[in-house]
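Notes follow the structure.
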Number of protein chains: 2
Amino acid sequence: MSVNKDEIKFPLFHSYLKRFVDLTDNEWLALEEQLRVRKLPKKQHLIRQGEQAKEIFFLISGSARLYYEKDGDEKTTYFFFENNLVGDYLGCLTSQPSTINIQALEDCELMYFKYETLTKLYEQFPVYQIFGRKLAEYLFMGLDIRLAELLTLTPEERYLKFINTSIKRKILERIPQQYIASYLGITPVSLSRIRRRIATS
Amino acid sequence: MSVNKDEIKFPLFHSYLKRFVDLTDNEWLALEEQLRVRKLPKKQHLIRQGEQAKEIFFLISGSARLYYEKDGDEKTTYFFFENNLVGDYLGCLTSQPSTINIQALEDCELMYFKYETLTKLYEQFPVYQIFGRKLAEYLFMGLDIRLAELLTLTPEERYLKFINTSIKRKILERIPQQYIASYLGITPVSLSRIRRRIATS
DNA sequence: CTGATTTATTAACTTATGTAAAGAATTTTA
DNA sequence: TAAAATTCTTTACATAAGTTAATAAATCAG
């Protein structure tokens, strides 16, 4: 059995996987046949705290934010963009109710599979075991770097770093300011002041 | 070939591994023969920023802190205690010069192996591939929870949570206050005030 | 044991951020 | 296109945290 490249159903996700591991046609097809698609309109939620995360999503287009909610107060801690995985990986790993919320910032086209599908693939194909390791390593690296930035940089330094990388990725104008403030660990008012300070110097 | 339990050279590390995966005698021995021991006196460094991390350490006894240094200013972001891995995992993964410093808080007895040894074991034994995945997942989970605490809790709430868990683990009195303050993202002066606020309420 | 060093607390002052509320600007949608 | 809703900025005020320096307490080393 062979896979014609023109027939690959989810080329974006297929390329994403290939950045981690090389897959034979069979290995890819074993996952591909479990993939489903879903649309998520702006402002709708992919997951809410208290729910049990069971799926890993892949963002084909659109964007989303991850936030925690306590006493009506929301703290946005992460953004997701097209061509990346989205979901509550921690919740999948621990089988504990989710502590996070993921909400679409723009209309989203998603693709997803059950986390259980992945764990089954671990047993069936060594290559998915490698993928699982590299994925966890990748997620670890992202958090490690983010944590270091939070603890070693001032809010102003974090903002400058954020706009610098987000301009390169052309995502700045896709995220409301208030969520960026929260991501930086400050209030919208404070971010507004920082922006003015930078502008008038 | 069989391993008598009384002959296991590093029982603490062996138990640690077993929390992640089941190992046959052969699988264990392949790693055991690569293990080395090392002592690290209080205040000495296990790694300094700029150096290339190549080893994974395991703390048999003692404690250490991880800190970042910028302009003579130190920010402590993590503590290590006996029966846990220590090292610059990020540096091992990326092969980039380390951005962190790890310093002994007490005299340490360590055991270590080359990161390269682990990657070779990935190829030789599927079980180590699983270990590598579970280790990365474990590290990811720790960071994910820590990041959420930093972004959603106030310094005072973080301190209360910290003493609560550290009293259970009997580690509070082993860490100088100034490093705890840094870990919480505040100055020693500020922590002192928080402590007084809590005491007089 | 004692002097020296390190660590923790306290005080005084400065500064940045949080809060609340109002107004301006922008975006949405009917 | 106009009205409504949302988002951003600004102001005023309160508060918590940073900075510096002095003192007190605890720890270390000879």
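Residue numbers start from 1 in every chain, and the chains themselves are labelled A, B, ... in the order their sequence lines are given, proteins ahead of strands. Treat the numbers as computed from the prediction; the structure is a model and nothing was measured. In what follows, every heavy atom counts, from backbone to side chain, and hydrogens, waters and symmetry copies are set aside.
- What separates CG of B:Leu105 from P of C:dT6 is a distance of 16 Å, to the nearest Å.
- Side-chain atoms of A:Gln177 and A:Arg195 include a donor-acceptor pair closer than 3.5 Å.
- OP1 or OP2 of D:dA17 has not a single side-chain nitrogen or oxygen of B:Arg193 nearer than 4.0 Å.
- Note on A:Ser190: a side-chain N or O is less than 4.0 Å away from OP1 or OP2 of C:dG18.
- Of all nucleotides listed (D:dT7, C:dA11, C:dA8), C:dA8 comes nearest to the side chain of B:Pro176.
- At the phosphate of C:dT9, neither OP1 nor OP2 sits under 4.0 Å from any side-chain N or O atom of B:Arg197.
- Put simply, NZ on A:Lys43 is 10 Å from C1' on C:dT27, counting in whole angstrom units.
- Computed from coordinates, the A:Leu191 CG to D:dT10 P distance equals 12 Å when rounded to whole Å.
- Between A:Leu184 atom CG and C:dG18 atom C1' the separation is 16 Å, expressed in whole Å.
- Side-chain contact of A:Gln49 with A:Thr99: a donor-acceptor pair under 3.5 Å is absent, judged by distance alone.
- No side-chain donor-acceptor contact under 3.5 Å links A:Arg65 and A:Tyr183.
- The interatomic distance linking A:Arg195 (CZ) with C:dA16 (C1') rounds to 18 Å, in whole Å.
- To the nearest angstrom, P of D:dA16 lies 18 Å from OH of B:Tyr159.
- Toward the 5′ end of DNA chain D lies the nearest nucleotide of B:Ile194, the other residue of the pair B:Lys42 and B:Ile194 mapping further downstream.
- When the P atom of D:dC28 is taken as reference, atom CD of B:Glu106 falls 10 Å away, rounded to whole Å.
- For B:Tyr16 and B:Phe58, the distance between ring centers is under 6.0 angstrom.
- Side-chain atoms of A:Glu27 and A:Thr24 include a donor-acceptor pair closer than 3.5 Å.
- Applying the 4.0 Å criterion to OP1 and OP2 of D:dG18, one finds that B:Thr187 has a side-chain N or O inside that range.
- Distances shown here put a side-chain N or O of A:Gln178 below 4.0 Å from the OP1 or OP2 atom of D:dT7.
- The separation between A:Ile186 atom CD1 and D:dA16 atom C1' is 16 Å, rounded to whole Å.
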